[in-house]
Amino acid sequence: MDFSQLAVAIDAQRHGAMVVIRPHIDNPTTAALHYRMTVTQRSAGNTSNINQAGELQNGSGANSISLSLPPGATCTVHLEVFQGAALLKAVDGACDGA
């Protein structure tokens with residue numbers, strides 16, 4: 001299967017202090033791929049991680065992660081997309097919805 005045009009994105013939407021993060025893929029050929037996503041939140045000298053894994057369908061969002069992001073906190077996302085054991089793409093981004 002051709003994944004040369006595979007687009008991988010992190011959809012982050014902020015609503016007040018709440019952030020909703022969702023992985024997303026687009027590919028001209030219909031695909032169902034596996035993903036691993038790690039959300040890291042840093043606040044007041046503390047760090048916490050949320051890990052999620054699952055399957056992504058072409059053109060549709062997967063399960064989301066919701067978290068409360070207090071003032072002064074930062075949040076980053078690392079997303080990896082696989083076909084079987086082969087890593088196709090990895091992306092990093094902020095999850096503040098900006």
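It should be emphasised that the depicted structure is a prediction, and the values quoted were computed from it without experimental measurement.
Across all their heavy atoms, F82 and L88 have their closest contact at C-CD1, 4.1 Å. In terms of heavy-atom proximity, Q57 sits nearest to A32 at NE2-CB, 3.5 Å. Nearest heavy-atom pair, A53 versus R36, reported as atom, atom and distance to 0.1 Å: CB-CG, 4.1 Å. Contact record, Q41 with P70: NE2-CD, 3.3 Å, taken as the closest heavy-atom pair. Closest approach of V39 and L67 over heavy atoms only: CG1-CD2, 3.6 Å.
Screening V91, I65, N51 for a side chain to side chain contact (heavy atoms under 4.5 Å, CB included) with M37, the sole residue that qualifies is I65.
Note that OH of Y35 is 12.5 Å distant from CD of E80, once rounded to the nearest 0.5 Å. Taking OG1 of T38 as the start and CD of Q52 as the end, the distance is 10.0 Å to the nearest 0.5 Å. The CD atom of E55 sits 11.0 Å away from atom CG of N63, with the distance rounded to the nearest 0.5 Å. Here the CD atom belonging to Q13 is positioned 12.5 Å from the SG atom belonging to C95, to the nearest 0.5 angstrom. Residue I10 holds its CD1 atom at 13.5 Å from CZ of R22, rounded to the nearest 0.5 Å. Taking CD1 from I21 and CD1 from I50, the interatomic distance works out to 7.0 Å, rounded to the nearest 0.5 Å.
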Hey, mind stepping through N49 and T40 against side chain to side chain donor-acceptor pair (under 3.5 Å) and telling me if it holds?
CA-CA 5 Å; N49 292 315; T40 303; 2.7 Å; yes
Please assess H24 against L56 for the test side chain to side chain contact (heavy atoms under 4.5 Å, CB included), listing each intermediate value before the final yes or no.
CA-CA 7 Å; H24 185 85; L56 285 170; 6.0 Å; no
Decide yes or no on side chain to side chain donor-acceptor pair (under 3.5 Å) for H78 and D92, but give the supporting numbers first.
CA-CA 5 Å; H78 179 74; D92 292 298; 2.5 Å; yes
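Listed for the R14 side chain is a donor-acceptor partner under 3.5 Å among the backbone atoms of G16. In this structure, the side chain of K89 does not engage the main chain of A7 through any donor-acceptor pair within 3.5 Å.
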